[in-house]
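A note on names: the letters A, B, ... follow the listed sequences, proteins ahead of strands, and every chain is numbered from 1.
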Amino acid sequence: MNNNLPKTYNPLDFEDRIYEKWMEKGYFKAKVNPNKKPYCIVLPPPNITGQLHIGHALDHSLQDVLIRWKRMQGYEALWQPGTDHASIATEVKVVEKLKESGLTKKEIGREEFLKHAWNWKEKYGGRIVEQMKKLGDSCDWSRERFTLDETCSQAVLEVFIKLYEKGLIYRGNRIINWCPVCKTSLSDAEVDHEEKSGNFWHIKYPVVDSHEFIEIATTRPETMLGDTAVAVHPEDERYKHLIGKTLMLPLMNREIPIIADEYVDKEFGTGAVKITPAHDPNDFEIGLRHDLPQIVVMNDDATINEKGGKYSGMDRYQARKQVVKDLEELGLLAKVKDHSHSVGQCYRCNTVVEPVTSLQWFVKMESLAKPAIDAVKERKIKFVPERYSKIYLHWLENIQDWCISRQLWWGHRIPAYYCEDCQEVIVSKSKPQICGKCKGKEFKQDEDVLDTWFSSALWPFSTLGWPQETEELKYFYPTNVLVTGYEIIFFWVVRMAFSGLEFMDEVPFEHVFIHGIVRDQEGRKMSKSLGNGVDPLEIIDEYGADALRFTLLTGNSLGNDMRFHIEKLESSRNFANKLWNATRFVLMNLDVDKFNNDEISLNVADKWIISKLNRLIKEATENMEKFEIGLAAQKLYDFIWSEYCDWYIELAKPRLYGENLQNRRTAQYTLTHVLENILKLLHPFMPFITEEIWGTMPTVKGDIIVSEWPQYNEANISTDAEEEMTIIMSIIKNIRNVRAEMNVVPSKKAKMIVITTNDNSKRIIEAAKQFFTTLASVSEIQYLEGKETIPSDAISIVVEGAEIFIPLDDLVDFKKEIERLQKEKEKLEAEIKRGEGRLSNEGFLKKAPPELVEEEKKKQDKYQQMLNTVLERLESIENRG
RNA sequence: GGGCAAUUAACUCAGCUGGUAGAGUGCUUCCUUGACGUGGAAGAAGUCAGGGGUUCGAGUCCCUUAUUGCCCACCA
């Protein structure tokens, strides 16, 4: 009866159905509920351009585990989902798509382009959401948000204007990173640095009205077209006499000054630096200090512009070659050295970025960074693992102003308007009616959009309705945990931290739970170019979502990268199958749906497994609280497979098959009770299979997703039962061991002759009679007082408190048996020696905890007794000849 | 140049506040026992990278060396 489970575990049969059930019943929905404590995680919004990859699978599995766990613990658990418009990434895709139909952005214009982009969003933006459902993500989809939707856009406007009014947003001509392919500015965080080998060109600049030269060294000779000075260290004896004089800039034939600046390192290169304020961040600063002109020599596609003389029109690298060649011809190229240096690249298209001065919008970071730094130092925000707080702090302590304008169309358009008449800048939520300065009425909005991270920085509160003062915001903010990979601490975590503090006056989350990345089995980063990526959807199709989740959640420690192995996936799938079949067994042997208390009488095995279960509940819960999700999962795995399946189910069988009703009921009860708890504990990790199994259990009601997380109960801990079972299991293992060594097949039953050395062990062994029969192929047990009548062909097993003989007819090879006993003897002697070492150490006796000393003494006695028994046995066999 | 990880069984990795080294996979032998062969039983396999130190006791704490990987940094 009661067994609706098919014989083999096939996740495809039920995962989608289970997810639909959860959705229909609205279990993921969270609401403001004053009777419950809130628990909230905001999902790092995936890009609408994205497909679910294995990194999401890890990130989401962790979040789903936490949310499901807290939901079961009785919290009002909100996992707030949504997607990111991903300004630059999406725009690149849309441009590519236009290109396929032979169109360009410029041709179709802003409005038409945005239509295409929104179409893209409608078409592909939901794709990743559907994929997340396959994983089992229990997000409150009714609250799904999008960074470009109405509320989020209101939040962006509000923030921009407030920061502007506070003077924390400004427009200025500063050096920024320019991507010549995406044709937009980038923030510092959006530039990847890669060490590349290149050249160091030494170039001679002639001093005007002199025969002297100053030799400078550069890695980017083409930038000399925009040089406006050469700098030396004020104390440099080599150049001191030249400070204030001018140089003739070769190729351009422009006079530039020789200036002194402490920035210059006398020891590096030639000690003289060409200064190109428009194309280098350091030079830019020097340029400001010395009031040097900035000459931008490049167009937005990194070709040389009209300021570059004869090089105008050339690509930057072509120009580099030509410049070098021309210098060589003029005899001004002193030498070329190999030099490796780090080159900045666009994080979207990998093009080498060009530093260039440009009129952009910036966020002034200093005053915003301060509270964000304090929040972590004062542990209002706690990183898990702790070490990542260093990365966060280091970045914030060295932060530069944030360039937030992008020369793109897809995104939040900057709410700045320029008066057509007087160019006055007005920052406002909507187009102004009249210019306060000149009373002009025509305005043009700034063409640029905001950095995509500007809106994601507001995610923890914009998703909850801010700037409206919603109930949700009051209830769920600050959120509890943010789960994300270490690679976006700078992009996102930092910015959410200061935004939350600035606008909500409170940290956005208490914990930042950082995980590593999933690598391929050789330890390489997964990438499109290597083609070594793993598609989680294919994995789910083959192994099921539960197996994928379990694989990602186990076997690595906090914050570290992990390798992805198919073997591990198989092992997770096998684990699910194991649980599946254990349930089949339990249900197959269950013939009631309710238990009567007077029918239950727990034996030692029942007490043991219940005791172990309670320890598991305690430990797993503690692990979860410390975010040690992998450890918790590992403990569940071990308990389910080794203790519950391999031992307890086997121990329960004799009673299930026996005549005694009370015994049968008790075994059924314990099996069911433990299984129910196992399923609950495992549910956050493997939600589908646990829900499916739960649904077939006649003893439970409702759905497991909303069941109560098991509570540790100290009254269920039985150290007596645990100790007894240790002895029983050790006897069983020993018997199996010697039988295996002697090649005795299990079907061959054997008698077990027991001589006990104390009453307690006799009681234990007697009570465990059935266990030996079934688990160790024992036919009967015979108790003897003395050794006289022991058959000569028996092998001997020595355990604590007893000597056990297994007569094996002619199968015993006495030579082998002696060898075995010798080994046993050596083992015990080694133990005793180690114990003696400890106990004869005065320091140990004095300083070690007394319980430990006591335990050690007990062990000594035990081993000594066992050794004596072994020695006796050896002697008796040898005497026999 | 700084910072952070990692180094444990053949492979991939656990090992929390220091108390006699664990798992999965693989390997060897056996088992068609009434949940499961996606299984069961038994077994072999580790100077916990090297060297110091603290401690009664160190894989675990401290110092140091080596190797590998990652992050940050304006030395042109």
Q: Grab the CD1-P distance between Ile175(A) and C74(B) for me, whole Å please.
A: 13 Å
Q: For a quick check of understanding: with a heavy-atom distance under 4.0 Å over all strands, which category does Ile391(A) fall into, base, sugar-phosphate or nothing?
A: nothing
Q: Once hydrogens and angles are ignored, does a donor-acceptor distance under 3.5 Å link the base of A35(B) to the side chain of Glu650(A)?
A: yes
Q: The side chain of Phe200(A) lies closest to which of these nucleotides: A73(B), A6(B), A76(B)?
A: A76(B)
Q: Whether Lys525(A) contacts G69(B) is assessed here as follows: a side-chain N or O lying under 4.0 Å from the phosphate OP1 or OP2. Is that the case?
A: no
Q: Take atom CD of Gln634(A) and atom P of C16(B), then tell me their distance rounded to the nearest Å.
A: 14 Å
Q: Looking at His339(A), I'd like to know whether one of its side-chain N or O atoms comes within less than 4.0 Å of OP1 or OP2 on A76(B).
A: yes
Q: Of all the nucleotides listed (A73(B), G19(B), A14(B)), which has the minimum atom distance to the side chain of Phe844(A)?
A: G19(B)
Q: Output yes when Glu194(A) and Lys196(A) qualify as a salt bridge under the 4.0 Å nitrogen-oxygen rule, no when they do not.
A: no
Q: Starting at atom CZ of Phe490(A), determine the distance to atom C1' of G3(B), rounded to an integer number of angstrom.
A: 11 Å
Q: Given that both distances must come in under 3.5 Å, which nucleotide forms a Watson-Crick or G-U wobble pair with U17(B)?
A: none
Q: Select base, sugar-phosphate, or nothing to describe what Lys274(A) touches, counting heavy atoms under 4.0 Å on all strands.
A: nothing
Q: Need one value for Asp265(A): base, sugar-phosphate or nothing, where a base atom within 4.0 Å counts as base even if backbone is also close, heavy atoms only.
A: base
Q: Partner lookup for G1(B), please. Criteria are Watson-Crick or G-U wobble with both distances under 3.5 angstrom; report none if nothing qualifies.
A: C72(B)
Q: Counting any heavy atom closer than 4.0 Å, what does Lys846(A) reach on the DNA or RNA strands: base, sugar-phosphate only, or nothing?
A: nothing
Q: Answer with base, sugar-phosphate or nothing: what part of the nucleic acid does Gly837(A) contact at a heavy-atom distance below 4.0 Å?
A: nothing
Q: Heavy atoms only, 4.0 Å cut-off, all strands: where does Arg834(A) land among base, sugar-phosphate and nothing?
A: base
Q: Whom does A23(B) pair with, Watson-Crick or G-U wobble, provided both distances fall under 3.5 Å?
A: U12(B)
Q: Is the distance from OP1 or OP2 of G39(B) to the nearest side-chain N or O of Asn574(A) less than 4.0 Å?
A: yes
Q: Looking at G39(B), which nucleotide sits across from it as a Watson-Crick or G-U wobble partner, both distances under 3.5 angstrom, or is there none?
A: C31(B)
Q: Name the nucleic acid region contacted by Thr218(A), choosing base, sugar-phosphate or nothing; use a 4.0 angstrom heavy-atom cut-off, strictly under.
A: nothing
Q: Lys847(A) has a side chain; which of C56(B), G39(B), A35(B) sits nearest to it?
A: C56(B)
Q: Base, sugar-phosphate, or nothing: which does Leu845(A) touch, judged by heavy atoms less than 4.0 Å apart?
A: nothing
Q: How would you label the contact of Trp641(A) with the nucleic acid (heavy atoms, under 4.0 Å): base, sugar-phosphate, or nothing?
A: sugar-phosphate
Q: Students often get this wrong, so: under 4.0 angstrom with heavy atoms, is His279(A) touching a base, only sugar-phosphate, or nothing?
A: nothing
Q: Among the nucleotides A35(B), C56(B), A42(B), which one has an atom lying closest to any side-chain atom of Tyr657(A)?
A: A35(B)
Q: For Glu285(A), answer base if it contacts any base atom (sugar-phosphate contacts may also be present), sugar-phosphate if it contacts only those atoms, and nothing otherwise; contact means non-hydrogen atoms under 4.0 Å.
A: nothing
Q: Compare the ring of Phe268(A) with the six-membered ring in the base of C75(B) and state whether they stack (centres under 5.5 Å, planes under 30°).
A: yes
Q: Under 3.5 Å, is there an N or O donor on one side and an acceptor on the other linking the side chain of Glu831(A) and the base of U20(B)?
A: yes
Q: Taking a pair as Watson-Crick or G-U wobble with both distances under 3.5 Å, which nucleotide is matched to A66(B)?
A: U7(B)
Q: Is the phosphate of C13(B) approached by Arg563(A) (side-chain N or O, under 4.0 Å from OP1 or OP2)?
A: yes
Q: Rounding to an integer number of angstrom, what distance separates A44(B) and C56(B) when you compare their C1' atoms?
A: 35 Å
Q: May I ask you to evaluate whether Asn737(A) reaches the phosphate of G43(B), defined as a side-chain N or O under 4.0 Å from OP1 or OP2?
A: yes
Q: What residues form a ring pair (Phe, Tyr, Trp, His ring centres under 6.0 Å) with His202(A), not counting sequence neighbours?
A: Phe200(A)
Q: Would you indicate whether Lys337(A), at its atom NZ, is surrounded by more than 12 heavy atoms from other residues, nucleotides or ligands within a distance under 6.0 Å?
A: no
Q: With sugar-phosphate meaning primed atoms plus P, OP1 and OP2, does Tyr637(A) contact a base, only sugar-phosphate, or nothing at under 4.0 Å between heavy atoms?
A: sugar-phosphate
Q: Figure out the CD/C1' separation between Glu487(A) and C4(B), and round it to whole Å.
A: 16 Å
Q: At what distance, to the nearest 0.5 angstrom, does CZ of Phe685(A) lie from OG1 of Thr554(A)?
A: 9.5 Å
Q: Looking at A14(B), C70(B), A76(B), which one has an atom nearest to any side-chain atom of Thr219(A)?
A: A76(B)
Q: Can you check whether any acceptor in the base of C36(B) is under 3.5 Å from a donor in the side chain of Lys578(A), or vice versa?
A: yes
Q: If you check every side-chain atom of Val264(A), which of A35(B), C70(B), A76(B) has the closest atom?
A: A76(B)
Q: Check every strand shown and say whether Arg838(A) touches a base, only sugar-phosphate, or nothing at a heavy-atom separation below 4.0 Å.
A: base
Q: Nearest to the Arg387(A) side chain among G24(B), A5(B), A42(B), which nucleotide is it?
A: A5(B)
Q: Classify the nucleic acid contact of Arg573(A) as base, sugar-phosphate or nothing, counting any heavy atom under 4.0 Å across all strands shown.
A: base
